[in-house]
*Asks:* 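Sharing a structure, written as structure tokens. Questions coming.
Numbers for residues simply follow the sequence, beginning at 1.
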Amino acid sequence: MTSAAIRARVVVASNRAAAGVYADTSGPLLVAGLRDLGCDVEPIPVVVPDGEPVTAALRAAVTDGVDVVLTSGGTGVTPTDRTPEATRVLLDFEIPGIAEALRAYARDRVPAAALSRGLAGVAGRTLIVNLPGSTGGARDGLAVLGPLLAHTVQQLRGGDHGRE
């Protein structure tokens with residue numbers, strides 16, 4: 001990408017990690033992966049309980065003009081998994097192909113990947129993508145998103161489709 005670097009943020013939705021019960025491992029992996037993709041990413045993930053705190057963290061990222069926010073956690077089917085709902089209220093539009101690609105990428109190796117309710121979409125000019133809260137989900141997410149991020153951000157910044 002020839003224009004300004006992609007500004008990224010990682011938001012971890014985990015009731016237990018936010019309470020200090022254990023240290024999150026997916027967030028640092030996402031930070032390192034985004035850095036490897038050339039993003040200017042904040043070194044420490046934002047760790048919040050699932051639900052409204054996720055919405056607040058995402059709203060702050062949009063207000064701060066962050067280009068890409070990856071969330072980790074809260075995408076499953078347990079009663080406390082609320083990240084998709086916390087995300088949806090902010091989205092101007094969804095990008096279902098990204099969420100579908102994320103599920104499809106892992107599905108053959110991890111059948112439970114089909115249970116992920118993660119969303120991908122745009123709030124303002126910020127791409128938000130929900131990933132599962134595991135290191136495997138983080139790695140898979142980076143593999144799927146790596147080839148898409150620069151082009152997506154270019155489009156959100158008003159770029160053309162690369163036509164001459």
Side-chain angles (χ1 to χ4, degrees), residues 6-62 66-91 94-123 126-150 152-153:
I6 296 172
R7 293 182 57 219
R9 186 174 293 172
V10 174
V11 174
V12 175
S14 171
N15 295 331
R16 291 178 291 170
V21 173
Y22 64 77
D24 168 67
T25 55
S26 63
L29 194 150
L30 288 171
V31 167
L34 286 166
R35 190 170 289 123
D36 289 346
L37 291 172
C39 296
D40 177 11
V41 60
E42 296 166 355
I44 299 174
V46 177
V47 179
V48 295
D50 207 346
E52 175 53 36
V54 174
T55 303
L58 294 175
R59 186 175 289 115
V62 172
V66 173
D67 296 304
V68 176
V69 181
L70 300 184
T71 70
S72 175
T75 63
V77 296
T78 72
T80 60
D81 288 329
R82 307 301 302 157
T83 298
E85 291 76 16
T87 301
R88 184 174 280 121
V89 299
L90 295 177
L91 296 180
E94 291 186 34
I95 308 174
I98 292 176
E100 292 163 6
L102 291 166
R103 284 184 280 273
Y105 184 84
R107 178 180 61 226
D108 290 340
R109 290 177 286 110
V110 184
L115 297 177
S116 174
R117 299 180 307 110
L119 302 175
V122 175
T126 301
L127 173 66
I128 301 172
V129 180
N130 301 152
L131 299 174
S134 65
T135 56
R139 283 187 199 94
D140 289 349
L142 291 166
V144 170
L145 293 169
L148 302 172
L149 282 184
T152 305
V153 170

*Asks:* Could you pull out all residues at least two apart from D24 that satisfy salt bridge (Lys or Arg N to Asp or Glu O under 4.0 Å)?
*Replies:* none
*Asks:* Looking only at heavy atoms, which two atoms of A138 and L29 are closest? And how far apart?
*Replies:* CB-CD2, 3.7 Å
*Asks:* Quick one: pull up CG in L90 and CZ in R88 and give me the separation to the nearest 0.5 Å.
*Replies:* 11.5 Å
*Asks:* Taking R103 for the side chain and G118 for the main chain, is one N or O donor matched with an acceptor at less than 3.5 Å?
*Replies:* yes
*Asks:* Hey, mind stepping through L34 and L149 against side-chain contact (heavy atoms from CB on, under 4.5 Å) and telling me if it holds?
*Replies:* CA-CA 10 Å; L34 286 166; L149 282 184; 3.9 Å; yes
*Asks:* Do side-chain atoms of T75 reach the backbone of S116 as a donor and acceptor pair under 3.5 angstrom?
*Replies:* no
*Asks:* Which atoms form the tightest heavy-atom contact between V31 and P43, and what is the distance?
*Replies:* CG1-O, 3.8 Å
*Asks:* What's the shortest heavy-atom distance between L148 and T152, and which atoms?
*Replies:* O-OG1, 2.7 Å
*Asks:* Around R35, counting heavy atoms of other residues, nucleotides and ligands shown, do more than 12 lie under 6.0 Å from its CZ?
*Replies:* yes
*Asks:* L119 and side chain to side chain contact (heavy atoms under 4.5 Å, CB included): which partner among I128, I98, N130, T71?
*Replies:* N130
*Asks:* Looking only at heavy atoms, what is the nearest atom pair of A18 and V48, with distance?
*Replies:* CB-C, 3.7 Å
*Asks:* Hey, are the side chains of V129 and L102 touching, using non-hydrogen atoms and a 4.5 Å cut-off?
*Replies:* yes
*Asks:* Could you tell me the separation between the OG atom of S26 and the CG atom of L70, rounded to the nearest 0.5 Å?
*Replies:* 10.5 Å
*Asks:* Could you tell me whether a side-chain N or O of D67 sits under 3.5 Å from a main-chain N or O of R7, the two making a donor and an acceptor?
*Replies:* yes
*Asks:* If I compare all heavy atoms of A86 with all of L58, which pair ends up nearest, and what's the gap?
*Replies:* O-CD1, 4.3 Å
*Asks:* So, using salt bridge (Lys or Arg N to Asp or Glu O under 4.0 Å) as the criterion, who are the partners of D81 when residues are at least two apart?
*Replies:* none
*Asks:* Quick one: do L142 and L30 satisfy side-chain contact (heavy atoms from CB on, under 4.5 Å)? Show the steps, please.
*Replies:* CA-CA 7 Å; L142 291 166; L30 288 171; 3.9 Å; yes
*Asks:* State, yes or no, whether a side-chain contact exists between L145 and L37 at a heavy-atom distance under 4.5 Å.
*Replies:* no
*Asks:* Do NZ/NE/NH1/NH2 and the carboxylate oxygens of E52 and R82 come within less than 4.0 Å?
*Replies:* no
*Asks:* To the nearest 0.5 Å, tell me how far D50 CG sits from T55 OG1.
*Replies:* 9.0 Å
*Asks:* Do you know which two heavy atoms are closest between V12 and P45, and how far apart they sit?
*Replies:* CG2-CB, 4.0 Å
